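Encoded as structure tokens, the structure appears first; notes follow it.
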Number of protein chains: 2
Amino acid sequence: MDEKKRQKLEDAGWRVASTADFLDLTPDESAYIELKLALSKHLKQIRTQKELTQEAVAERIKSSQSRVAKMEAGDPSVSIDLLVKTLLSIGATRSDLAEVIATAK
Amino acid sequence: MDEKKRQKLEDAGWRVASTADFLDLTPDESAYIELKLALSKHLKQIRTQKELTQEAVAERIKSSQSRVAKMEAGDPSVSIDLLVKTLLSIGATRSDLAEVIATAK
DNA sequence: TCAATATATGTCATATTTGATATATTAGCA
DNA sequence: TGCTAATATATCAAATATGACATATATTGA
């Protein structure tokens, strides 16, 4: 069993209900989660690079600071849609997103 | 006003409530919609290329034929999450997704 | 033409995601 | 240390996405 991988998920806020559940992750599911985490990390990276607060980002997308925090934390309750919308709103281009997705760890 | 662009959206199932609403589309919003449409098209392309029926795809992701049809139609009720999950489930790689997103018309 | 199969469209109860709010925790600085 | 701004976390009602279903419309092959 891949403890390192499990730890990586948990670090990112993906609490797994049980080891059995974790083992049920198919390659697709892993790819999906990794993709989301990659977008999360990139959001934080761009935001801090631009010296924007979470509150400032929240205003742009008419959301709230707490939701931006959840986005950056890779919270499972956050959709890719919201991540993409947010990234685009703070200046990321489609090319940027493509690169993030392609090189996602 | 960009009638050609409006037509493109409507062709893809994005009925705009009014011209005024359409004009309110910011560049981000346009990018977001184009990105979704690109994923939709790619789904149909891969599926037909692999000679899978919508029903067959639906089974893999435990969804329904009608929802797969909506995905390919670019229906606004479909999330990027679902599109991505579906694409991954029929063999698309993250690199594939990246390319689609980067080159989206 | 006529099935038979595939796809499209509309609707709806249920599930998930959402912004908002409250509040806890952290980071930086006087 | 205390103060302040920033970030994290928990909760919840409202909004949105979902699978399922019915049914309409294409598409294909005999």
Side-chain angles (χ1 to χ4, degrees), chain A residues 9-17 21 28-29 32-33 35-37 39-90, chain B residues 8-17 21 25 28-29 32-33 35-37 39-90:
Chain A
L9 285 175
E10 292 217 346
D11 287 350
W14 293 82
R15 290 284 169 288
V16 291
D21 283 351
D28 314 345
E29 290 166 339
Y32 168 75
I33 292 177
L35 193 150
K36 260 176 91 165
L37 293 182
L39 293 173
S40 293
K41 281 194 179 178
H42 194 59
L43 170 57
K44 181 156 198 171
Q45 189 185 336
I46 293 188
R47 179 181 66 79
T48 52
Q49 184 182 312
K50 298 206 168 188
E51 301 191 63
L52 295 170
T53 63
Q54 291 180 343
E55 183 64 39
V57 172
E59 276 179 29
R60 294 199 194 194
I61 59 172
K62 296 188 195 301
S63 182
S64 60
Q65 177 270 324
S66 62
R67 189 132 295 273
V68 175
K70 282 172 175 39
M71 287 189 226
E72 294 185 356
D75 190 294
S77 83
V78 173
S79 70
I80 291 183
D81 293 69
L82 186 59
L83 282 165
V84 167
K85 281 181 187 172
T86 306
L87 281 163
L88 291 174
S89 80
I90 62 175
Chain B
K8 191 180 72 177
L9 286 175
E10 291 216 346
D11 288 349
W14 293 81
R15 288 285 168 291
V16 290
D21 283 350
L25 278 189
D28 315 344
E29 290 167 338
Y32 168 75
I33 291 178
L35 194 151
K36 258 176 92 165
L37 293 182
L39 292 174
S40 293
K41 280 194 180 179
H42 193 58
L43 170 56
K44 181 157 197 171
Q45 189 185 336
I46 292 190
R47 181 182 66 78
T48 53
Q49 184 182 312
K50 297 205 170 190
E51 301 192 62
L52 295 170
T53 63
Q54 292 181 342
E55 182 64 40
V57 172
E59 277 180 29
R60 293 200 194 195
I61 60 173
K62 295 189 196 301
S63 180
S64 59
Q65 176 269 324
S66 62
R67 189 132 294 273
V68 175
K70 283 172 172 58
M71 288 188 223
E72 295 184 356
D75 190 294
S77 82
V78 174
S79 71
I80 291 184
D81 293 69
L82 187 59
L83 281 166
V84 166
K85 281 182 188 171
T86 305
L87 281 162
L88 291 173
S89 80
I90 63 174

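So you know, we letter chains A, B, ... as the sequences are listed, proteins then strands, and number each from 1. For clarity, every value in this text was computed on a predicted model and none was experimentally measured. Just the heavy atoms: all of them, side chains too, but no hydrogens, waters or symmetry mates, feed the values below.
Rounded to whole angstrom, the span from the CG atom of A:L52 across to the C1' atom of D:dT7 amounts to 15 Å. Distance A:M71 CE to C:dA20 P: 12 Å, rounded to the nearest Å. Between the CD atom of A:E72 and the P atom of D:dA6 there is a distance of 14 Å, given to the nearest Å. Rounded to whole angstrom, the span from the CG atom of B:D75 across to the C1' atom of D:dT18 amounts to 12 Å. D:dT18 atom P lies 11 Å from atom CD1 of A:I80, rounded to whole Å. Put simply, CD on B:Q54 is 5 Å from C1' on C:dT7, counting in whole angstrom units. Residue B:L82 contributes atom CG, which lies 14 Å from atom C1' of C:dT17 at whole-angstrom precision. Here the C1' atom of nucleotide C:dA15 and the NZ atom of B:K85 are 12 Å apart, to the nearest Å.
Interatomic distance, A:T86 OG1 to A:L39 CG, rounded to the nearest 0.5 Å: 10.5 Å. If you take CG on B:L83 and NZ on B:K85, they are separated by 11.5 Å, rounding to the nearest 0.5 Å. For the atom pair NZ of A:K36 and CD1 of A:I80, the computed distance is 6.0 Å after rounding to the nearest 0.5 Å. Expressed to the nearest 0.5 Å, how far CD1 of B:I90 lies from CZ of B:R47 amounts to 8.5 Å. How far OG1 of A:T48 is from CD of A:E72: 7.5 Å, rounded to the nearest 0.5 Å.
In the set D:dA6, C:dT18, C:dT7, D:dA6 carries the atom at the smallest distance from any side-chain atom of A:T53. Here the nucleotide nearest the side chain of A:K44, chosen from C:dT7, D:dA8, C:dT18, is D:dA8.
For DNA chain C, the residues of residues 57-70 of chain B within the heavy-atom distance limit of 4.0 Å (strictly under) are B:Q65, B:S66, B:A69, B:K70, sorted by number.
The side chain of A:S79 contributes an N or O atom lying less than 4.0 Å from OP1 or OP2 of C:dT18.
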Step-by-step side-chain hydrogen bond (donor to acceptor under 3.5 Å, both in side chains) determination, B:Q54 to B:Q65: CA-CA 5 Å; B:Q54 292 181 342; B:Q65 176 269 324; 2.9 Å; yes
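Residue-to-nucleotide proximity on DNA chain C shows that, of B:D81 and B:T48, the 5′-proximal contact is made by B:T48.
Remark: side-chain polar atoms of A:K70 are not paired, donor with acceptor, to backbone N or O of A:S77 under 3.5 angstrom.
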